[in-house]
Amino acid sequence: MTSRNRLLKQRILTSVSDMRISHPHTGAGRILRLTSWLEGPLSSWWCALGWLGATAIFILFTRLLGGPSQADAGESVFTTWAIAHGHLSCAYPGGRVDGGLFIAPILYPMLAGGIAALAKIGHDVPFPTQAQLGNHCSHAITAMTQWAMQSNATVPTVRIGYVGWFVLLAGVIALLRVSGRGRCGWEPTAVVLVACAPPIFMCYENAFHPQDLVAMGLILAGLACARRSWWIWTGVLLGLAVTSQQFALLALAPLLVLAPGIQRLRYAAAAIASMAVIIVPMIVIASGGALRAALFGSSQITLGANTNSSTGGTVLWETHLHGAPLFVLVRILPIAFAMTLAWWARHRFGSATLETVPLITIIATSLIFRLVFEENIFGYYFMAVAVLVILLDVVRGQVRGCTLAWLGLVTLVFDPVPWGHEALHQAIPVVIGAIGLLFVFFGVIRGQIRWYLVAWLALVVLTCEPLIWGLTVGHQVLPNSLWQVVLVSLAVWLAIGPLFSSTPGSPRSRAHPPKKQLEHGIDHSATLR
């Protein structure tokens with residue numbers, strides 16, 4: 001074949017390929033349109049519409065599944081009411097007050113107390129006097145419970161918990177915009193994915209833990225500041241996150257290792273200062289109860305001799321450890337592992353660890369260490385990891401199918417449906433399994449069999465269908481300790497995999513990979529897969 005004929009044939013093939021790609025009904029055409037929308041700029045109005053849509057989805061899931069939950073609400077609502085009505089000395093009563101409740105960390109009750117005061121929640125009924133609250137607030141919970149029943153203050157106070165979603169939403173947007181994925185189609189896609197993830201809305205729908213959402217939003221905002229080298233603001237935000245929920249220490253500690261040079265001192269000083277501003281005044285006013293809340297939060301695991309009264313279900317719980325050894329394993333060892341991981345990444349990758357993908361990977365893996373060494377495990381414990389894995393996929397420009405499959409497994413194991421909704425409870429494994437089966441079916445039709453989906457579907461059927469095992473109720477036949485091993489192992493792979501799939505400085509490890517100059521102008525890295 002002459003060179004002229006070869007050139008003519010190449011032009012014909014290129015023209016045919018261009019026609020196929022540009023045709024809206026071809027797979028390549030759909031990828032092109034999806035990529036163009038995800039990468040294309042969006043106006044502020046469209047971005048705001050995405051935020052509103054994600055908020056509506058979060059509220060819809062919460063309400064449809066019977067939330068917001070009042071389970072664990074006692075950890076924070078009594079403190080909220082005491083702060084709202086100016087009885088700060090009864091916000092954190094020392095010793096074991098009526099009912100022996102464990103009080104939530106300080107930041108969220110302060111925030112909720114301010115909102116409750118402005119909204120005048122329960123102001124129609126006089127709040128208990130100091131005499132009614134008892135000497136050293138010994139009758140505080142009994143008196144406030146009676147007041148809440150008369151004033152119907154409980155439901156409005158619980159609804160303040162929606163503020164946790166808005167703090168999380170702000171943190172997600174901040175990190176997306178500093179990574180180059182904001183103000184484009186990826187921004188509404190990310191916030192909608194976060195709103196739809198069950199481990200995230202379970203913090204409010206299944207158990208009342210808005211303080212977890214607040215802490216996670218502050219962590220994300222702190223990571224955004226770290227990406228801009230605003231280390232003082234990073235310290236302030238991470239310090240506030242710790243005062244909302246102690247798992248934020250697993251983000252604060254590795255950032256202390258990753259902070260460069262003199263910035264490390266500024267970061268540490270800012271974090272300590274922000275924690276002191278929240279914690280010290282409350283300790284001075286409310287004494288020992290506030291100190292315990294600041295150090296341990298609602299956890300029952302302290303340095304006491306025998307504090308193992310949890311519901312358990314994890315591998316560590318099976319060891320029956322108590323007291324100081326349990327505290328070291330559950331609270332100290334994860335922080336040590338997180339700092340070790342950060343030190344290793346810094347020495348291997350250098351300054352590139354502060355790029356968005358390696359940074360998210362390190363923090364996500366650090367937060368997974370909590371799940372490895374936990375004595376209890378519930379669905380909302382996976383919230384922080386779920387948020388970071390979703391954002392990791394978005395920043396890399398590829399929502400992995402295995403991420404969605406993992407979220408489906410978490411939903412099946414830790415059912416978000418409350419008791420009393422048996423039909424919906426039984427429908428969840430059917431719906432999730434049907435979705436997985438459809439993906440497998442369409443993959444077979446297109447000649448693209450994703451074996452992880454086949455394995456996932458087999459796992460769902462074998463472990464979540466009780467009839468196979470001769471059971472008549474429930475859809476979980478494996479113990480929580482075994483599920484902990486499975487789900488945490490998969491989370492580690494999802495979180496740390498991108499750190500090894502590319503070297504720092506390559507397009508996959510940058511915050512926003514530049515569009516590839518392919519022959520037909522398609523960037524296949526920015527798709528949902």
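For the single chain, residues carry numbers from 1 onward in sequence order.
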Q: Take V214 and Q245, measure what side-chain contact (heavy atoms from CB on, under 4.5 Å) needs, and give me the verdict at the end.
A: CA-CA 8 Å; V214 172; Q245 188 57 278; over 6 Å; no
Q: State, with a plain yes or no, whether a side-chain heavy atom of P109 is found less than 4.5 Å away from one of S76.
A: yes
Q: Under 4.0 Å between a side-chain nitrogen and a carboxylate oxygen: does that hold for E374 and R331?
A: yes
Q: Is there a side-chain contact between V277 and T243 in this structure, where contact means two heavy atoms from C-beta onward sitting under 4.5 Å apart?
A: no
Q: Run the side-chain hydrogen bond (donor to acceptor under 3.5 Å, both in side chains) test against D72 and tell me which residues pass, sequence neighbours left out.
A: H209
Q: Within 45° of the six-membered ring axis of W343 and under 6.0 Å from that ring's centre, is NZ or CZ of R346 located there?
A: no
Q: Between S244 (side chain) and L107 (backbone), is there a donor-acceptor pair under 3.5 Å?
A: no
Q: Please list all pairs meeting salt bridge (Lys or Arg N to Asp or Glu O under 4.0 Å) that have one or both residues in residues 154-178, counting only residues at least two apart or in different chains.
A: R177-E187
Q: Does R264 use its side chain to pair, donor to acceptor, with the backbone of V257 at less than 3.5 Å?
A: yes
Q: Could you check W230 against V178 for side-chain contact (heavy atoms from CB on, under 4.5 Å), going step by step and ending with a plain yes or no?
A: CA-CA 12 Å; W230 298 346; V178 79; over 6 Å; no
Q: Which of these, L213, L237, V236, sits in a side-chain contact (heavy atoms from CB on, under 4.5 Å) with L218?
A: L237
Q: Tell me if a side-chain donor or acceptor on T314 pairs with a main-chain N or O of E375 at a distance below 3.5 Å.
A: yes
Q: Report yes if the side chains of F208 and C203 come closer than 4.5 Å at any heavy-atom pair, otherwise no.
A: no
Q: Kindly say whether R400 contributes a backbone atom to a donor-acceptor pair with the side chain of D393 at under 3.5 angstrom?
A: yes
Q: Take F414 and Y381 through the ring-ring contact (aromatic ring centres under 6.0 Å, His included) test and state the conclusion after the steps.
A: CA-CA 10 Å; F414 301 99; Y381 279 27; 8.7 Å; no
Q: Any side-chain heavy atom of I200 within less than 4.5 Å of one from V387?
A: yes
Q: Can the ring centres of Y204 and Y162 be said to be less than 6.0 Å apart?
A: yes
Q: Can you find a pair of side-chain heavy atoms, one from F378 and one from M383, that are under 4.5 Å apart?
A: no
Q: Under a 3.5 Å cutoff, is there a donor and acceptor pairing between the side chains of W81 and T157?
A: yes
Q: Run the side-chain contact (heavy atoms from CB on, under 4.5 Å) test on M216 and L388 for me, step by step, so that the C-alpha distance in whole Å, both residues' side-chain angles and the decisive distance to 0.1 Å come before the verdict.
A: CA-CA 9 Å; M216 194 63 215; L388 288 172; 3.6 Å; yes
Q: Do the two ring centres, one from Y380 and one from F201, sit under 6.0 Å apart?
A: no
Q: Is the F382 ring parallel, tilted or perpendicular to the W406 ring (thresholds 30°, 60°)?
A: perpendicular
Q: Test F58 against every option in F166, W51, W165 by the ring pair (Phe, Tyr, Trp, His ring centres under 6.0 Å) rule and name the one that passes.
A: W165
Q: Report yes if some heavy atom in the side chain of W483 is under 4.5 Å from a heavy atom in the side chain of L409; otherwise report no.
A: yes
